[in-house]
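This report concerns only the one structure given below.
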Amino acid sequence: MKHESFAERLLSWYQHQGRKNLPWQQNPTPYRVWVSEIMLQQTQVATVIDYYQRFMQSFPDIFTLASASQEQVLHHWAGLGYYSRARNLHRCAQILVQEYQGHFPLQDQKAMEALPGIGPSTAAAIIALSSDQRAVILDGNVKRVVARYFALEGWPGKTAINRLFWKKADELTPATRAADYTQAIMDLGATLCTPRQPQCSQCPVKDHCKGLLQDKVSQLPSPKPKKALPTQERHFLVLNKNSKELLLQQRPQDGIWGGLWCLPDFTTREELEAWLTQTYPQARLEHQGLEPVKHVFSHYRLLIRPWQAHLADISGIQEEAQTYSPSMAPTTSLWYNPRQPANVGLPAPIKKLLEGIQL
DNA sequence: AATGCGGGGTA
DNA sequence: TACCCAGCATT
């Protein structure tokens with residue numbers, strides 16, 4: 001005997017546990033479904049409800065909407081975000097009135113998708129929910145259900161992955177009961193198969209969910225990959241006095257290594273050289289840089305380029321704290337003897353750099 | 001094939 | 001704070 005399909009299990013669950021009282025589910029005409037679908041793009045149900053009620057009160061049908069001013073429409077959208085949705089909605093209403101006698105081309109999904117603001121998933125949702133014809137949706141809920149049910153790895157933002165998700169969503173979609181199925185799979189994603197703390201024990205398809213069977217539910221769908229860390233390179237001055245001490249500066253409280261002591265650092269070698277010439281004219285800068293040091297922060301990669309300079313002792317040189325960086329907050333500096341490590345906080349990569357330096 | 005759009009809810 | 005939300009249009 002053939003076991004129950006995904007759709008059959010889902011539909012019987014929906015019959016008892018599904019949401020049936022959302023405003024747009026009452027009298028689901030194409031117009032009412034359309035407005036709800038546009039509002040619900042990237043916006044949660046709880047947020048939409050009040051906006052939807054007010055919108056329907058003011059624009060009860062497509063002709064009212066088409067003849068309204070854009071300003072009126074946008075006013076009803078204020079606070080919802082993604083305002084191009086409202087402009088497209090308004091424009092779409094005018095197109096439908098002018099070109100389609102005020103009716104959606106429900107028999108032609110491609111024609112639906114050609115309308116402003118209506119993409120593949122919204123077109124399918126309008127068709128299925130308002131006319132009960134079979135059409136495949138793939139919104140955030142369905143993506144999550146599909147990723148888990150088939151244990152699909154990969155971020156759906158990638159084109160190839162996205163195509164696979166559409167294919168799997170298509171496979172799950174039954175030939176009949178299009179409206180109920182469409183609402184059911186969204187309800188599953190919204191109420192049980194949630195992004196966090198999904199209630200798998202209540203799930204009507206848990207017995208065949210690969211993600212659950214493989215204990216991967218919490219890792220699916222795969223998150224958007226963190227983009228590669230940008231690399232920043234900065235030039236650090238190793239100013240060596242009498243082959244004994246190095247110049248350190250205390251960093252500003254804000255930014256990386258805030259408050260720690262560190263080598264003076266600059267955006268470019270030229271900037272470093274200019275500062276050195278002005279501050280320690282007697283210093284001699286080596287032309288060959290030292291070996292670069294790499295360091296990784298949470299949000300970028302830092303390439304440390306050290307340059308060594310030598311300073312012969314001149315009695316009377318200012319030993320006390322001095323200021324630098326005229327445009328920045330005053331910063332103190334000190335001479336540091338690496339052979340007698342003082343009680344100052346050095347960033348790890350700088351400490352490592354100094355350990356490798358011959359004075 | 002990747003980005004911008006936007007405000008709100010949630011852990 | 002970071003992530004996610006009934007995605008689409010644009011580049």
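Please read these numbers as outputs of a predicted model, since none were measured by experiment. Reminder, nothing fancy here: chain letters follow the sequence lines and each chain counts from 1.
For the OP1/OP2 pair of B/dG8 and a distance below 4.0 Å, the side-chain nitrogens and oxygens of A/Q44 include no atom meeting the criterion. At the phosphate of C/dC8, OP1 or OP2 sits under 4.0 Å from a side-chain N or O atom of A/T122.
One interatomic measurement links the two molecules: OH of A/Y82 to P of B/dT3, which rounds to 14 Å at whole-angstrom precision. Look at CD on A/Q109: it is 10 Å from P on C/dC8, rounded to the nearest Å. Here C/dA9 presents its P atom at 8 Å from CD of A/Q41, a figure rounded to the nearest Å. Atom pair A/K224:NZ and C/dA2:C1' shows a separation of 13 Å (rounding to whole Å applied). Between the CD atom of A/Q42 and the C1' atom of C/dC3 there is a distance of 12 Å, rounded to whole Å. Taking atom CD1 of residue A/I49 and atom C1' of nucleotide B/dG8, one finds them 14 Å apart after rounding to whole Å. In this structure, A/L89 atom CG and C/dA6 atom P are separated by 19 Å, rounded to whole Å. If you measure from atom CD1 of A/I38 to atom P of B/dC5, you get 19 Å, rounded to the nearest angstrom.
A/S121 comes within contact range of the sugar-phosphate backbone alone, with a heavy-atom separation under 4.0 Å but no base atom that close. Across all strands shown, A/V48 has no heavy atoms under 4.0 Å from either base or sugar-phosphate atoms. Within the 4.0 angstrom heavy-atom criterion, no nucleotide atom of any strand lies near A/W34. Among the atoms of the strands shown, none is found under 4.0 Å from any heavy atom of A/E113. When heavy atoms are screened at a 4.0 angstrom cut-off, A/P223 is found touching no nucleic acid atom at all.
Residues A/S84 and A/P195 each lie close to DNA chain C; by heavy-atom proximity, the contact nearer the 5' end of the strand is made by A/P195. Comparing A/G117 and A/V45, the nucleotide of DNA chain C nearest to each residue sits closer to the 5' end for A/V45.
Of the candidate nucleotides C/dC8, C/dC4, C/dA6, C/dA6 has the atom lying nearest to any side-chain atom of A/M186.
Within residues 72-80 of chain A, the residues having any heavy atom closer than 4.0 Å to DNA chain B are, in order of number, A/G79, A/L80. Contacts between residues 131-164 of chain A and DNA chain B, counted as heavy-atom distances below 4.0 Å, involve A/K158, A/T159.
Panel note: side chain A/R144, backbone A/C193; a donor-acceptor pair is recorded below 3.5 Å. A donor-acceptor pair is defined here as one N or O able to donate and one able to accept, closer than 3.5 Å; such a pair exists between the side chain of A/R85 and the backbone of A/M39. Judged by distance alone, with hydrogens and angles left aside, the side-chain atoms of A/R305 form no donor-acceptor pair with the main-chain N or O of A/G289 at under 3.5 Å.
Ring geometry for A/Y181 against A/F6 counts as perpendicular: the plane angle is over 60°, on a 0 to 90° scale with 30° as the lower cut.
A distance of about 15 Å separates the P atoms of B/dG6 and C/dT11, rounded to the whole Å. Rounded to a whole angstrom, the distance from the P atom of B/dA1 to that of C/dC5 is 23 Å. For the P atoms, the distance from B/dA11 to C/dA6 is 14 Å, rounded to whole Å.
Under the 4.5 Å side-chain contact rule for hydrophobic residues, A/L220 and A/L188 do not share a cluster.
Between A/E355 and A/K352 there is no salt bridge, since no side-chain nitrogen of the basic residue lies less than 4.0 Å from a carboxylate oxygen of the acidic one. Looking at A/K20 and A/D187, no side-chain N of the basic residue comes within less than 4.0 Å of a carboxylate O on the acidic one, giving no salt bridge.
Side chain A/R19 to base C/dA6: a donor-acceptor pair is found below 3.5 Å. Side chain A/T47 to base B/dG7: no donor-acceptor pair is found below 3.5 Å.
Residue-environment remark: CD (A/Q26) exceeds the threshold of 12 foreign heavy atoms within 6.0 Å.
Less than 6.0 angstrom separates the ring centroid of A/F266 from the ring centroid of A/W275.
For A/W77, the side chain to side chain donor-acceptor pair (under 3.5 Å) test picks out no residue, with sequence neighbours left out.
Judged by the 6.0 Å and 45° rule, A/R234 forms no cation-pi pair with A/F236.
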